[in-house]
Structure formats: structure tokens, C-alpha cells
Amino acid sequence: MKLIETLISGLSMGSTYAMIALGYTMVYGIAKMLNFAHGDVIMVGGYMIFVTLSATGNPLLGLLAAVLFCVVLGVTIEKVAYKPLRGASPLAVLITAIGVSKLLQSTAQVVFGTAQKMVNVGDLGYLSWNGLTVQISTLVTLGCSMVLMVALSLFVKYTRTGRAMIAVSEDRGAAQLMGINVNKIIMITFAIGSALAAFAGLFMLMKSPSLTNTLGAMPGIKAFTAAVIGGIGSIPGAMLGGLLMGVVEAISLTVPAIAPYTDAIEFIILIVILLVRPTGILGKKRREKV
Amino acid sequence: MALLEVKDLSVFYGVIQALKGISFEVNEGEIVTLIGANGAGKTTTMQSVIGLIPAQSGTVVYDGQDITKLPCHKIVHLGMSQVPEGRRIFQELTVYENLVMGAYSVKNKSGFKDDIDRIYTRFPRLAERKNQIAGTLSGGEQQMLAMGRALMSHPKLLMLDEPSMGLSPLLVDQVFEIIKDINKDGTTILLVEQNAGKSLAISDRAYVLETGSIVLTGTGAELAASDEVKKAYLGG
């Protein structure tokens with residue numbers, strides 16, 4: 001029973017990582033850049049939930065506000081900070097992304113102060129069944145993430161915009177020759193990634209109510225690791241990597257001897273997987289044919 | 001009437017001038033070829049005309065409209081299509097999905113089924129392999145797919161960049177036959193080729209490009225007979 005509880009909590013945490021990892025992997029695949037400010041969009045989403053919750057007491061309104069604000073924020077960041085650097089050296093883009101990350105963290109600190117906020121999104125209680133005890137919020141996180149991941153997969157596979165995203169990630173020039181507006185597709189990608197980050201913000205606050213301006217930092221790094229483990233650029237890879245990360249974390253936390261080293265263990269797994277498969281589990285190997 | 005009119009087009013890569021003010025035109029219904037050696041600026045010309053790389057000076061007028069400053073995706077929506085150098089098909093997608101991408105710029109989807117059938121009729125090999133991942137096709141099949149994909153948007157002007165590159169002699173002949181057929185069905189063609197002999201044979205007119213400048217022009221037959229072209233490009 002304990003093992004099943006651990007697995008469920010791991011999958012739930014993992015699906016939160018997957019939500020974040022999708023933002024990294026889609027932006028990497030389509031805009032060919034690492035958006036290191038992505039984790040901080042989660043934090044901004046967290047503060048939006050905090051503000052809305054304080055004003056209305058309704059967590060769903062909080063989520064809605066967070067999603068809308070994060071989408072606008074993500075699209076604005078792309079337009080102001082990254083778009084002018086299209087074609088610039090990857091290093092310049094990377095430094096800019098780190099700068100945006102610091103800017104978001106500092107702005108949150110100026111606006112909301114350094115003290116941590118307690119955000120109580122409402123206790124959903126427990127579910128007990130045959131000796132199995134699971135927090136309902138854990139199941140909600142898992143369920144919502146699964147729905148979002150399936151929806152995203154269907155969107156990418158079957159809509160015109162989704163297919164355009166695949167085309168841009170494969171070959172930007174060829175995609176333009178199809179008549180695809182690459183800037184628009186990149187903008188949509190940032191919007192989707194940021195919306196998922198807002199969901200991740202809510203899931204994290206459901207799990208633990210404390211909110212500071214570094215809320216997104218560690219999950220951001222872990223989700224990025226998950227995206228790389230799954231194969232950066234691959235959407236199913238980010239989902240798989242995220243879930244794997246969460247399960248490893250949950251199992252590791254239940255073993256007292258290794259629990260303090262949980263973070264290290266996750267990064268060791270990254271190193272091992274990259275040694276065996278440098279492109280990640282589902283990463284693409286470029287096929288060349290003449 | 002000129003469908004495409006390029007005037008004094010200059011393109012720089014950093015400080016290097018790849019195109020030194022070239023002018024040429026493609027009339028409706030023609031097959032026009034740009035021949036030239038590696039590095040002469042053929043691909044640069046193709047990419048600049050369709051808006052993939054910006055021109056520093058000069059104008060490109062297509063179908064009566066100045067498109068010099070337009071981004072590539074808008075130019076494609078005006079009915080220009082390109083088979084790029086190296087084909088650049090979407091390797092991870094199936095043959096069918098590649099053709100779907102080719103129809104991206106077509107607003108009215110009601111003719112989609114007919115368009116696909118038309119492509120499958122012209123390229124029976126693609127019909128046989130429609131569910132195959134495109135990256136696993138042979139080089140010749142990939143070239144057919146790149147051409148089929150470019151035709152899905154009903155282009156008025158089809159540009160082909162080195163369509164015969166890397167193909168066996170038999171396939172090269174087949175590709176040139178197909179280009180002739182496409183032209184006969186009413187599509188204007190701008191062709192870039194290193195295979196000067198074969199391309200001049202099917203061209204109405206041609207231009208010789210040398211280190212970023214047009215040095216010679218004439219009908220396909222005239223250029224094929226010219227001593228300079230023979231010496232430089234036809235191995236005679």
C-alpha cells in the first residue's frame with residue numbers, strides 16, 4: 001500500500017514537472033533556445049493565484065488569472081527580450097534568458113517583499129480506500145495534467161497550427177517555404193508553455209502552500225533536467241522525463257538513507273542517461289540522406 | 001508578361017557580397033534557368049527572391065506586386081513555391097503529412113483531396129509510400145516528395161534549386177521530364193542547376209551566373225551552343 005501511495009504521489013509530482021518540462025522542450029524545439037526564465041513564470045503564476053485568492057477566495061479564479069497573466073507575460077518576454085535576438089549567437093540568447101529570470105525574481109521581490117506568503121488554495125481532504133490514503137489534491141494534479149498532456153498531444157498532431165509547430169521545429173526554413181509564419185508559431189509556443197507553467201504553479205501551491213520569489217527556481221531546473229532526460233525538443237519525451245523524475249523523487253524520499261540526497265540522485269540519473277543516450281530517451285537522432 | 005522581375009538585386013553575407021546587383025525576369029509560362037558553378041550565387045538568388053534572406057538593395061516584383069520587403073510566408077501565400085536545395089522535406093513526418101504541410105497556405109481545403117490525388121498520379125511512388133516516414137525514402141523519392149509538396153499550394157511560379165543533385169542519371173532524366181510536364185500544365189518555372197546541359201535543353205531562356213553577377217543570357221539553345229558555356233559548364 002505504501003508503495004502505491006508513493007507511486008501516486010510521485011506521478012503527481014512528476015506530472016507537475018512534465019507541465020513545466022513541456023514549456024522548456026517546446027520552446028527549445030521550435031525557437032531553438034533555452035528559456036531559463038520559464039521556471040520564474042511559474043512563480044509569477046503563483047503570485048497571481050495569491051493575489052486573486054486574497055481578493056476573491058476562489059482558487060479557480062486564481063488559476064484563470066494566473067493562466068491569462070502568464071500567457072501575456074510569456075508572449076511579452078518573447079517579443080521584447082528574445083525576438084530581437086533571432087539569429088544572434090546562442091550564448092547571447094542564453095544570457096538574456098538568465099537576465100529575464102533575474103528580472104522576474106527581483107520584480108516579485110520588490111512588489112511582494114521577501115517574506116514568504118502562505119497560499120491556502122483550499123484543503124480537498126483525503127481519499128481512503130482499502131488502507132490506501134491519498135490526498136485528493138494529488139489526484140487532481142495528476143488528473144488535470146494528464147488531460148492537459150493528452151489535449152496538447154492531440155493539438156500538435158491534428159490541428160493546422162500544431163502541425164506548423166512540428167514543421168518549424170524540424171526545419172524553420174522549409175516551414176517558411178510552406179507559408180508558415182514562424183514568428184506567430186513561436187509566439188503561440190510561448191503562450192502554451194506559459195499557460196502550462198501557470199497550471200504547474202497552482203499544482204505546486206496545492207502541494208505546499210509557501211510562496212517566495214524563488215518558487216520556480218528548483219522545479220524549473222528539475223523540469224529542464226526532465227526535458228533533457230526525455231530528449232529535449234520531444235513532447236512525449238518531456239512528459240516521460242517529468243513523470244520519471246517525480247517517481248524517482250518520491251521513491252528516494254521514502255528511503256531514509258538516501259532521502260537527503262534526492263536532488264543529487266535525480267541529476268545523477270540525468271548524467272547516466274545522457275552517457276547511454278546522448279539525445280535523451282526519446283530524443284531525435286538526425287537522419288541524413290542524400 | 002513578366003511574372004517575376006528582379007532588378008539590381010544585391011545580397012550581402014556580412015561584408016561579403018554574394019549578389020552584385022543582378023537583374024533577370026521570368027515570363028508567364030516559361031522555363032527559365034540560372035546556371036553557374038558552386039558559389040556563383042544561385043541559391044542565394046532563390047532564397048532572396050522568396051524572402052528567406054533579405055536583399056540589401058534592388059527590387060523583386062512578382063505578379064505586379066513589389067515583394068522585396070515581404071517575409072517568406074507572405075510571398076508563398078501569393079502563389080510562389082520553392083523546392084529548396086537539398087530538398088528539406090520534413091524527415092520525421094510521413095509522406096502524406098509532408099503533402100499536408102505543402103497545402104498549408106491553401107485557404108480553401110475543399111480541393112485538398114483532389115490535390116493529393118493529382119500529386120499521387122504524377123508521382124505514383126509517393127502513393128505507394130504515403131504512410132512511410134519521409135526520412136526513410138531514397139534520395140530520388142525524397143526529390144519527388146519535395147516537388148509534390150511544393151505543388152500542393154498551386155503555385156503560379158515554381159522555383160527548383162538543384163533538383164537533380166545527388167540523383168542517378170536515370171532519375172535525373174526523370175526529374176527533368178517531370179519539370180517539363182509541370183510547365184506544360186501551366187506552371188511557370190525558375191530552375192537553378194549545375195547540370196547545365198540537361199537544364200538548357202528544357203529551358204526557354206537562361207542566365208549564366210558567375211560570382212554574383214549575370215554574365216550571359218539567351219535562349220536555352222543559344223546558351224547551349226555558346227562557346228563560353230560549352231567550355232565552362234558543358235565540359236567541351
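The figures here come from the full heavy-atom set of this structure, side chains too, leaving out hydrogens, waters and symmetry mates. Residue numbers begin at 1 in each chain, while the letters A, B, ... track the order of the sequences.
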Just checking [X]: does its [atom1] atom have more than 12 heavy atoms from other residues, nucleotides or ligands closer to it than 6.0 angstrom?
X      : atom1 : value
B:Y13  : OH    : yes
A:L275 : CG    : yes
A:Y82  : OH    : yes
B:K109 : NZ    : yes

Quick one: pull up [atom1] in [X] and [atom2] in [Y] and give me the separation to the nearest 0.5 Å.
X      : Y      : atom1 : atom2 : result
B:E92  : A:D171 : CD    : CG    : 11.5 Å
B:I50  : A:Q176 : CD1   : CD    : 10.0 Å
B:S105 : A:N181 : OG    : CG    : 13.0 Å

So which atom in [X] and which in [Y] form the shortest heavy-atom distance, rounded to 0.1 Å?
X      : Y      : result
A:E170 : B:Q91  : OE1-N, 2.7 Å
B:Y104 : A:A164 : CE1-CB, 3.7 Å
A:M178 : B:V76  : C-CG1, 3.8 Å

Would you mind writing out the side-chain donor-acceptor pairs for residues 18-30 of chain A within the sub-3.5 Å range, not counting sequence neighbours?
residue	atom	partner	partner atom	Å
A:Y24	OH	A:G220	O	3.3
A:T25	OG1	A:G233	N	2.7

Item to check | B:P84 vs A:L177 side-chain heavy atoms within contact, under 4.5 Å | outcome: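 SC-SC contact between B:P84 and A:L177 confirmed.
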
Item to check | Electrostatic pair B:E97-A:K157, nearest N-O below 4.0 angstrom | outcome: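 Yes, B:E97 and A:K157 are salt-bridged.
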
Checklist entry - Checking B:V100 against chain A: side chain, backbone, both or neither under 4.5 Å from a heavy atom? => result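 B:V100 touches chain A through side-chain heavy atoms alone.
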
Item to check | Interface residues of residues 60-75 of chain B facing chain A - heavy atom cut-off under 4.5 Å | outcome: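 The list, in residue order, reads B:C72, B:H73.
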
Checklist entry - Hey, mind stepping through B:M101 and A:I180 against side-chain contact (heavy atoms from CB on, under 4.5 Å) and telling me if it holds? => result CA-CA 9 Å; B:M101 289 317 308; A:I180 294 169; 3.5 Å; yes

Next on the checklist: I need the residue from B:Q47, B:M80, B:R149 with the largest number of non-hydrogen atom pairs under 4.5 Å to chain A.
Outcome noted: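 The answer is B:R149.
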
